Amino acid sequence: MRHTQIEEHIENFKAELYELQNYPYQELVHIIQDVGFSCTCCGRCCTAAFNGHIYLLSDDIKHARSFNPDLLVPAPGFELADREGRMYVSSYAMKMSPEGVCPYLLDGRCRDYENRFFICKIYPYMLHREPDEEGNYGFRQISGLNQHGEYHTEVSHKEACEIADMIYSYEQAYLEHMIQFYQFMLTHFTAHNLRYSRHAHDRTMRVFYQGDEIDAYVYEVESLVPCRISLQSYNHHFNP
């Protein structure tokens, strides 16, 4: 049985990983110094209204479970669905408060700043490939530019290199995780005679947005963890 869509995802993420590994290091260091971002502790990046959700990698999940396992929810996006409408999700996200705020945020400060999630450590820097207005793909280096923090502050070359190293590490870890997820799903779909269905995906999302529960399976350490979720599972701050 062919699983063309899943195979395409694998190849696309592998291509992006190759391009990431060949992205010029000194160019990123220069961008970091040129932007000169400085956090003002406004807390906006810790809200669903500003950033949608906090995507967690493997070490992040362990840390989140030690804080409160009930705050883990399938990451918005729900990458795959089979013909029965079961959703398959690449990882978890943190469940925001009813006000749409990260549960780690207390009085405008992170409860565990030194051990904050990987994406929080590099934010607002990134190396995501995104299409421009003409559909041409290129790397996006900054998120939320001019929407928070201060800019054009002095960043030493040493500090910029440390930030660049973290960015490369995060982006590589994320892409490798996505490759592993789709490779696992390819094996799972083949072994269980399942097929990806865009129609079933859209149908199930309509049910989800109506407030009904759906079945979701979250990828974690070469396994799938079953969940029953609804829009209420996200405190109404669902942002894919």
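This structure is a prediction, so every number in the text was calculated from the model and none was measured. Side chains included, hydrogens not; waters and symmetry mates left out as well; all remaining heavy atoms used.
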- Please say which of Y123, Y174, Y170 ends up in a ring pair (Phe, Tyr, Trp, His ring centres under 6.0 Å) with F118.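 Answer after filtering Y123, Y174, Y170: Y170.
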- List in chain and number order the residues that pass side-chain hydrogen bond (donor to acceptor under 3.5 Å, both in side chains) with S90, two or more places apart in sequence or in another chain; answer none if no residue qualifies.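 If we apply the side-chain hydrogen bond (donor to acceptor under 3.5 Å, both in side chains) test to S90, skipping adjacent residues, the hits are Y55, E79.
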- Task: Just jot down the side-chain hydrogen bond (donor to acceptor under 3.5 Å, both in side chains) partners of E130, sequence neighbours excluded, or say none.
- Result: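 Listed in chain order: R140.
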- Query: Which residues pass the salt bridge (Lys or Arg N to Asp or Glu O under 4.0 Å) test with E220, sequence neighbours left out?
  - Reply: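 Once residues adjacent in sequence are excluded, the partners of E220 under the salt bridge (Lys or Arg N to Asp or Glu O under 4.0 Å) criterion are R65.
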- Test salt bridge (Lys or Arg N to Asp or Glu O under 4.0 Å) applied to D60 - qualifying residues, sequence neighbours left out: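 Once residues adjacent in sequence are excluded, D60 has no partner under the salt bridge (Lys or Arg N to Asp or Glu O under 4.0 Å) criterion.
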- For residues 21-40, which residue pairs qualify under side chain to side chain donor-acceptor pair (under 3.5 Å), counting only residues two or more places apart or in two chains?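 Qualifying pairs: Y23-E27, Y23-Q141, Y25-D165.
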For [X], give me all partners under side chain to side chain contact (heavy atoms under 4.5 Å, CB included), at least two apart in sequence or on another chain.
X: A64; value: L56, L72, M94, F117
X: S156; value: K158, E159
X: T204; value: M87, I214
X: L224; value: Y88, F184, M185, H188, Y217, Y219

- Task: Please list all pairs passing the salt bridge (Lys or Arg N to Asp or Glu O under 4.0 Å) test where one or both residues lie in residues 106-129, with sequence neighbours left out.
- Result: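 Non-adjacent pairs meeting salt bridge (Lys or Arg N to Asp or Glu O under 4.0 Å): E19-R129.
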- Just grab all the salt bridge (Lys or Arg N to Asp or Glu O under 4.0 Å) pairs involving residues 223-234, residues at least two apart or on different chains.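 Found E213-R228, D215-R228.
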- Query: Does D212 offer a backbone N or O that forms a donor-acceptor pair with the side chain of S230 under 3.5 Å?
  - Reply: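 Looks like no, no N/O pair under 3.5 Å.
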- Query: Would a line drawn from the ring center of Y182 to the ring center of H177 be shorter than 6.0 Å?
  - Reply: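 Not close enough - the centres of the two rings lie 6.0 Å or further apart.
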- Given the side-chain rings of H201 and F208, with only the six-membered ring counted for Trp, is the space between their centroids under 6.0 Å?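 No, they do not, as the ring centres are separated by 6.0 Å or more.
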- Query: Hey, what else clusters with V221 if you join Ile, Leu, Val, Met, Phe, Trp, Tyr whenever side-chain heavy atoms sit under 4.5 Å?
  - Reply: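 Joined to V221, directly or through intermediates: none.
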